[in-house]
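The structure under discussion appears below in the form of structure tokens.
In this text the structure is predicted, and so the values were computed from the model without any measurement.
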Amino acid sequence: MLDIAPPQLSPSEWNGVRKALDAVAECGCTAAPPPGSIRDRLGRAVDAIAGRERPAVALSPRETAVRDFLCDSGRTRRIAQSHVVTLGSLGFTLAQIEAMALLGA
């Protein structure tokens, strides 16, 4: 768990955090295998046998930045400082970034 105080956000800022987290909720932290690769074909075969559907996940650059930040923050249990500038350039405030780290870790 991250050792920071919950940030004070306006309702619209919380809404932005919620939307960002919802957008990447099912993405996972591993990169998708290249289409047609052995890993891709095996994964599709296992999914078919298990009766699972594999949704196509195409992330925008903003969603990719959020996912990478959450994955790195979750692995280290600290705010992934290397992603803060990128998230800031995408319109997130420092308080929103801290909230995403707290909720996503």
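- Applying the side-chain contact (heavy atoms from CB on, under 4.5 Å) criterion to Leu21, with sequence neighbours excluded, gives Val17, Leu70, Met100, Leu103.
- Under the rule for a side-chain contact (heavy atoms from CB on, under 4.5 Å), the partners of Val46 that lie at least two apart in sequence or sit in another chain are Arg52.
- Contact annotation: the side chain of Leu102 approaches that of Pro7 to within less than 4.5 Å [non-hydrogen atoms, C-beta and beyond].
- Nearest heavy-atom pair, Leu59 versus Thr64, reported as atom, atom and distance to 0.1 Å: CB-OG1, 3.4 Å.
- When the salt bridge (Lys or Arg N to Asp or Glu O under 4.0 Å) test is applied to Arg62, no partner is found at least two apart in sequence or on another chain.
- Nearest approach of Ala20 to Phe92, heavy atoms of both residues: CB-CZ, 3.8 Å.
- Summarising the geometry of Thr86 relative to Ala65, their closest heavy-atom pair is CG2-CB, 4.1 Å, with the distance given to 0.1 Å.
- Applying the side-chain contact (heavy atoms from CB on, under 4.5 Å) rule to Ile49 yields no partners; only residues at least two apart in sequence or on another chain are considered.
- The distance from the CZ atom of Arg67 to the NE2 atom of His83 is 10.0 Å, given to the nearest 0.5 Å.
- A salt bridge links Arg75 with Asp72: at least one charged nitrogen is closer than 4.0 Å to a carboxylate oxygen.
- Across every non-hydrogen atom of Arg41 and Gly36, the tightest pair is NH1-O, 3.0 Å.
- Here Asp68 pairs with nothing under the salt bridge (Lys or Arg N to Asp or Glu O under 4.0 Å) rule; sequence neighbours left out.
- In this structure, the side-chain contact (heavy atoms from CB on, under 4.5 Å) partners of Glu13, at least two apart in sequence or on a different chain, are Leu9, Ser10, Thr93, Gln96.
- Summarising the geometry of Ala99 relative to Trp14, their closest heavy-atom pair is CB-CZ3, 3.7 Å, with the distance given to 0.1 Å.
- Counting all heavy atoms, side chain and backbone alike, Ile79 lies closest to Ala101 at CG1-CB, 3.8 Å.
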